Novice: 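Please read through the structure below; I'll follow up with questions.
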Amino acid sequence: MPIRMSGLVSGLDTESIIKELMAAQSQKKTKIENKITKHEWKTEKWQDLNKKLYSFYTGSLSKARLQGSYQAKKVSSSDESKVKASISGNSAVYGTHKVKVEQLASAQHVTGGALDSVEDADGKKITVSGSTKLSQLGISVNAGEESTITIASGDKKVDLDVTADTTVNDFLQACRDAGLSANYDTTQKRFFLSAGGSGVDNAFSLTSTSKSGMDGEALGALGLGEVTYKKNDDGSIEYDAVDENLFTLKEASNSVIYLNGAKLVNSSNEVNVNGLNLELNAVTGEDEISINVTKDTDAVYDTVKTFIKDYNELLGELNDAYYADSSYGYEPLTSDQREAMNDEDIEKWEKKIKDSLLRRDSTVNSLLSAMKTTMTGSVEYNGKKYSLSSLGIMSTDYTEKGKLHIYGDADDETASGKEDKLRAAIEEDPDMVMTIVSELSSKLYATFGDKMKSTTNSSALTFYEDKKFKTDLTKYKKELSTMEDKLSAMEDRYYKQFTAMEKAMSQLNSQSSSIASLFGGSSM
């Protein structure tokens with residue numbers, strides 16, 4: 001930075017003079033800075049609004065257009081302690097269905113005998129754990145006597161060749177690899193094996209072979225025994241268990257129910273049939289459980305109510321933005337102005353500007369028009385024209401700028417005391433409600449989609465020109481940089497001019513002193 005002479009000769013307050021000269025020019029810089037600040041605020045406002053628009057588009061608006069949203073059903077059981085029912089699809093048939101539970105599904109379990117008298121080669125009693133070798137339990141690993149344990153479940157089959165290093169954990173892992181749940185309880189000193197799921201399709205077999213011909217001996221050493229089975233044509237299963245006195249076998253079974261007289265067999269106690277999910281909890285014998293399927297009026301009503309509520313909230317946001325009060329005369333505060341104000345006043349000042357950024361915005365106006373025009377439109381049903389007002393959904397006050405009320409809605413103070421046409425229509429003619437609301441919401445959904453596609457200079461799924469906003473911001477920042485360079489050069493020029501003046505005055509004073517000295521010397 002060059003050394004600047006500040007009025008040492010002239011006596012002028014050079015710094016103040018230049019500051020005043022630059023103040024007028026700096027207003028141009030301030031205007032650009034304000035433009036950038038407002039642009040950034042406007043971008044933030046659009047980003048927030050775009051999120052709300054897209055959330056409505058993919059949320060309640062999307063749901064309202066789907067006919068399945070108006071076909072909700074509910075179900076009840078006459079005895080949930082035995083059969084609990086729920087809806088699993090729109091195919092559930094209205095009416096009363098009779099269910100008898102003949103048999104519950106169960107999983108196969110094998111509980112081994114206690115291994116509490118195991119001795120090592122020296123006759124010393126040992127405590128069995130996961131690291132215990134199978135040879136310590138009496139399974140021969142001598143040449144020509146080796147054993148192989150086979151675990152099979154469904155299409156999985158695992159062969160475990162017992163060697164001198166094979167442990168209890170190795171056996172448990174082989175069972176798990178075959179799809180079983182397997183554990184050795186060191187407290188109970190037993191193996192606990194169970195199928196991966198209920199039903200005969202998940203049954204498993206345990207077999208062991210020995211090169212010495214002593215088949216089954218290896219399993220016996222583990223407190224277990226051979227288990228094999230065969231499936232019958234009727235879906236039942238027959239087990240063949242060897243040495244069952246050594247262990248306990250709980251056989252696998254399918255659930256068997258009669259639904260409206262038809263026999264249904266399933267591998268689990270969760271039976272899904274024709275849109276109904278039946279949770280079987282107990283055998284009913286000859287008793288019949290009544291499963292009642294009816295229209296879920298409340299669910300349909302809530303779908304429409306949520307859609308209208310979200311529509312009103314979005315409409316309110318757009319109305320507030322478009323019809324905001326003017327902020328004429330308000331500009332973003334400079335650093336000096338902010339220092340002179342308290343936080344509350346600063347917040348109010350900036351809010352005034354931010355609220356008005358989308359005032360009379362053409363994109364906002366386009367969205368408002370689309371929403372109001374669509375929702376006040378009509379659709380044809382059974383040869384007649386209907387609108388939302390036919391369902392008791394309408395505006396009640398023009399000052400609300402298109403806000404809709406559902407007559408009879410207990411949560412709406414304005415309309416709660418009026419006739420509840422919507423609920424009555426759902427109960428009497430749900431297809432009419434579905435047609436009116438789904439067609440109008442479909443039109444609005446399509447319009448929103450078109451607006452996102454047709455908006456120029458924008459990214460996907462965006463209602464405003466976000467790419468143009470970025471380009472404009474870059475342009476404004478470049479303008480600011482150019483202006484800052486210009487002002488810096490202008491300030492340097494002023495200082496050079498004043499410095500030149502100071503030098504000229506200094507030379508003039510020096511010359512005057514010399515002349516005065518000369519004349520003074522001659523007179524002596």
Side-chain angles (χ1 to χ4, degrees), residues 27-65 310-333 350-377 401-402 440-486:
Q27 289 299 316
K28 296 177 182 179
K29 175 187 173 185
T30 300
K31 287 182 179 180
I32 299 175
E33 289 175 333
N34 290 346
K35 185 162 56 174
I36 291 175
T37 299
K38 283 185 174 182
H39 190 79
E40 290 175 336
W41 286 349
K42 188 174 183 179
T43 300
E44 291 174 1
K45 194 173 183 70
W46 257 122
Q47 288 174 340
D48 180 63
L49 189 55
N50 194 78
K51 287 180 182 178
K52 293 176 180 177
L53 284 161
Y54 188 68
S55 177
F56 175 67
Y57 173 74
T58 57
S60 57
L61 175 59
S62 181
K63 183 179 180 180
R65 69 192 174 93
D310 292 347
Y311 170 85
N312 283 336
E313 288 180 356
L314 181 60
L315 186 77
E317 289 267 357
L318 294 170
N319 278 330
D320 288 345
Y322 187 74
Y323 294 105
D325 292 336
S326 172
S327 61
Y328 181 77
Y330 285 75
E331 292 294 337
L333 299 169
E350 292 185 346
K351 185 176 185 302
K352 178 73 173 178
I353 300 172
K354 291 178 180 179
D355 286 348
S356 68
L357 291 173
L358 298 182
R359 171 182 163 84
R360 301 296 187 265
D361 184 274
S362 59
T363 302
V364 174
N365 184 47
S366 175
L367 289 166
L368 280 170
S369 298
M371 293 175 71
K372 295 175 184 178
T373 300
T374 302
M375 296 298 279
T376 55
K401 301 180 178 65
L440 291 177
S441 55
S442 292
K443 289 179 182 177
L444 185 56
Y445 184 87
T447 300
F448 270 29
D450 290 340
K451 287 190 175 298
M452 284 188 285
K453 293 177 184 177
S454 62
T455 303
T456 57
N457 295 313
S458 67
S459 305
L461 309 177
T462 306
F463 289 86
Y464 71 105
E465 297 180 324
D466 61 318
K467 291 183 178 180
K468 185 176 184 300
F469 273 50
K470 291 179 182 179
T471 301
D472 288 346
L473 181 60
T474 300
K475 182 180 68 175
Y476 298 152
K477 287 184 176 180
K478 187 175 181 180
E479 287 180 13
L480 178 62
S481 178
T482 300
M483 179 56 68
E484 287 175 338
D485 291 342
K486 182 179 179 180

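All of these numbers come straight from a predicted model, not from anything done at the bench.
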Novice: Does any N or O in the side chain of His39 come within less than 3.5 Å of the main-chain N or O of Phe469, such that one atom is a donor and the other an acceptor?
Specialist: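 Side chain of His39 to backbone of Phe469: a pair is present.
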Novice: Measuring from Ser55:OG to Glu313:CD, what's the distance to the nearest 0.5 Å?
Specialist: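 If I round to the nearest 0.5 Å, the distance is 10.0 Å.
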Novice: Return the OG1 to CG distance between Thr37 and Leu333, rounded to the nearest 0.5 Å.
Specialist: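 Interatomic distance, Thr37 OG1 to Leu333 CG, rounded to 0.5 Å: 10.0 Å.
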Novice: Would you indicate whether the side-chain heavy atoms of Lys354 and Lys45 approach each other to under 4.5 Å?
Specialist: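 SC-SC contact between Lys45 and Lys354 ruled out.
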Novice: Got a second to check how far Thr455's OG1 is from Leu461's CG, nearest 0.5 Å?
Specialist: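 Answer rounded to 0.5 Å: 11.0 Å.
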Novice: Is there a donor-acceptor pair under 3.5 Å between the side chain of Thr462 and the backbone N or O of Tyr464?
Specialist: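 No: the side chain of Thr462 does not pair with the backbone of Tyr464.
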Novice: Within the 4.5 Å heavy-atom criterion, are Lys401 and Lys372 side-chain neighbours or not?
Specialist: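 With C-beta onward as the side chain, the pair touches.
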Novice: Are any non-hydrogen side-chain atoms of Ile353 and Pro332 less than 4.5 angstrom apart?
Specialist: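 A side-chain contact exists here, since the closest heavy-atom pair is under 4.5 Å.
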Novice: Is there a side-chain contact between Asp325 and Lys352 (heavy atoms, below 4.5 Å)?
Specialist: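 Asp325 reaches Lys352 side chain to side chain.
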Novice: With distance as the sole test, does Arg359 use its side chain to make a donor-acceptor pair with the main-chain N or O of Ala324 at under 3.5 Å?
Specialist: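 Yes; judged by distance alone, with no hydrogens or angles, the pair exists.
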Novice: Residues two or more places apart in sequence or in another chain: which of them pass ring-ring contact (aromatic ring centres under 6.0 Å, His included) with Tyr322?
Specialist: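 For Tyr322, no residue satisfies ring-ring contact (aromatic ring centres under 6.0 Å, His included) once neighbours in sequence are set aside.
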Novice: Keeping the roles fixed (side chain from Thr374, backbone from Ala370), state whether a donor-acceptor pair exists under 3.5 Å.
Specialist: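 Confirmed, Thr374 side chain pairs with Ala370 backbone.
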Novice: For residues Lys38 and Glu331, determine if any side-chain heavy atom of one lies less than 4.5 Å from a side-chain heavy atom of the other.
Specialist: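 Heavy-atom side-chain distance check passes, below 4.5 Å.
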Novice: What is the minimum heavy-atom distance between Leu357 and Lys42, and which atoms define it?
Specialist: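 Residues Leu357 and Lys42, closest heavy atoms: CD1-N, 3.5 Å.
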Novice: To the nearest 0.5 Å, what is the distance between OG1 (Thr373) and CG (Leu444)?
Specialist: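 Reported to 0.5 Å precision, the distance equals 10.0 Å.
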Novice: State, yes or no, whether a side-chain contact exists between Met371 and Leu314 at a heavy-atom distance under 4.5 Å.
Specialist: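 Result yes, sub-4.5 Å side-chain heavy-atom pair found.
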Novice: Could you tell me whether the side chain of Asp466 and the main chain of Ser459 form a donor-acceptor pair under 3.5 Å?
Specialist: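 Here the side-chain-to-backbone pair exists.
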Novice: State, yes or no, whether a side-chain contact exists between Lys468 and Asp472 at a heavy-atom distance under 4.5 Å.
Specialist: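 In contact.
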Novice: Please list, chain by chain and in numerical order, all residues satisfying side-chain contact (heavy atoms from CB on, under 4.5 Å) with Glu317, sequence neighbours excluded.
Specialist: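 For Glu317 the side-chain contact (heavy atoms from CB on, under 4.5 Å) partners, ignoring immediate neighbours, are Leu49, Lys52.
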Novice: Under 4.5 Å between any side-chain heavy atoms of Lys470 and Thr43, yes or no?
Specialist: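 Contact flag for Lys470/Thr43 side chains = no.
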Novice: Can you sort out the partners of Tyr330 under ring-ring contact (aromatic ring centres under 6.0 Å, His included), two or more places apart, ordered by chain and number?
Specialist: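 Per chain and number, Tyr330 pairs via ring-ring contact (aromatic ring centres under 6.0 Å, His included) with Trp349.
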Novice: Hey, could you give me the CH2/CG distance between Trp46 and Leu53, rounded to the nearest 0.5 Å?
Specialist: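 Between atom CH2 of Trp46 and atom CG of Leu53 there are 6.5 Å.
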Novice: Evaluate the ring planes of Phe56 and Tyr311, with Trp represented by its six-membered ring, and classify them as parallel (under 30°), tilted (30 to 60°) or perpendicular (over 60°).
Specialist: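 Ring orientation of Phe56 relative to Tyr311: tilted.
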Novice: So, for Leu440 and Met375, which heavy atoms are closest and what is the spacing to 0.1 Å?
Specialist: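 Taking Leu440 first and Met375 second, the nearest heavy atoms are CD1-O, 4.5 Å.
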Novice: Test your reading of the model: is there a side-chain donor-acceptor pair from Ser481 to the backbone of Lys477, 3.5 Å cut-off?
Specialist: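 Between the backbone of Lys477 and the side chain of Ser481 there is no qualifying donor-acceptor contact (under 3.5 Å).
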Novice: In plain terms, say whether Lys35 and Glu479 are close enough for a salt bridge, that is, a side-chain N and a carboxylate O under 4.0 Å apart.
Specialist: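 Salt bridge flag = yes for Glu479 with Lys35.
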Novice: Just by distance, with hydrogens left out, do Thr456 and Glu465 show a side-chain donor and acceptor under 3.5 Å apart?
Specialist: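 Yes.
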Novice: Which heavy-atom pair separates Ser62 from Tyr445 by the least distance, and what is that distance?
Specialist: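 Where Ser62 meets Tyr445 most closely, the heavy atoms are CB-CE1, 3.9 Å.
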Novice: I'd like to know whether NZ of Lys63 has more than 12 heavy-atom contacts from other residues, nucleotides or ligands below 6.0 angstrom.
Specialist: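 Count not over threshold, so no.
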Novice: Could you walk me through whether Leu61 and Arg65 pass the side-chain contact (heavy atoms from CB on, under 4.5 Å) test, one step at a time?
Specialist: CA-CA 7 Å; Leu61 175 59; Arg65 69 192 174 93; 5.8 Å; no
Novice: Measure from the ring center of Phe448 to the ring center of Phe463 and say whether it is less than 6.0 Å.
Specialist: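 Yes, the ring of Phe448 comes within the 6.0 Å limit of the ring of Phe463, centre to centre.
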Novice: Calculate, to the nearest 0.5 Å, the distance between atoms OG1 and CG belonging to Thr363 and Leu368 respectively.
Specialist: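 Spacing of OG1 (Thr363) from CG (Leu368) equals 11.0 Å.
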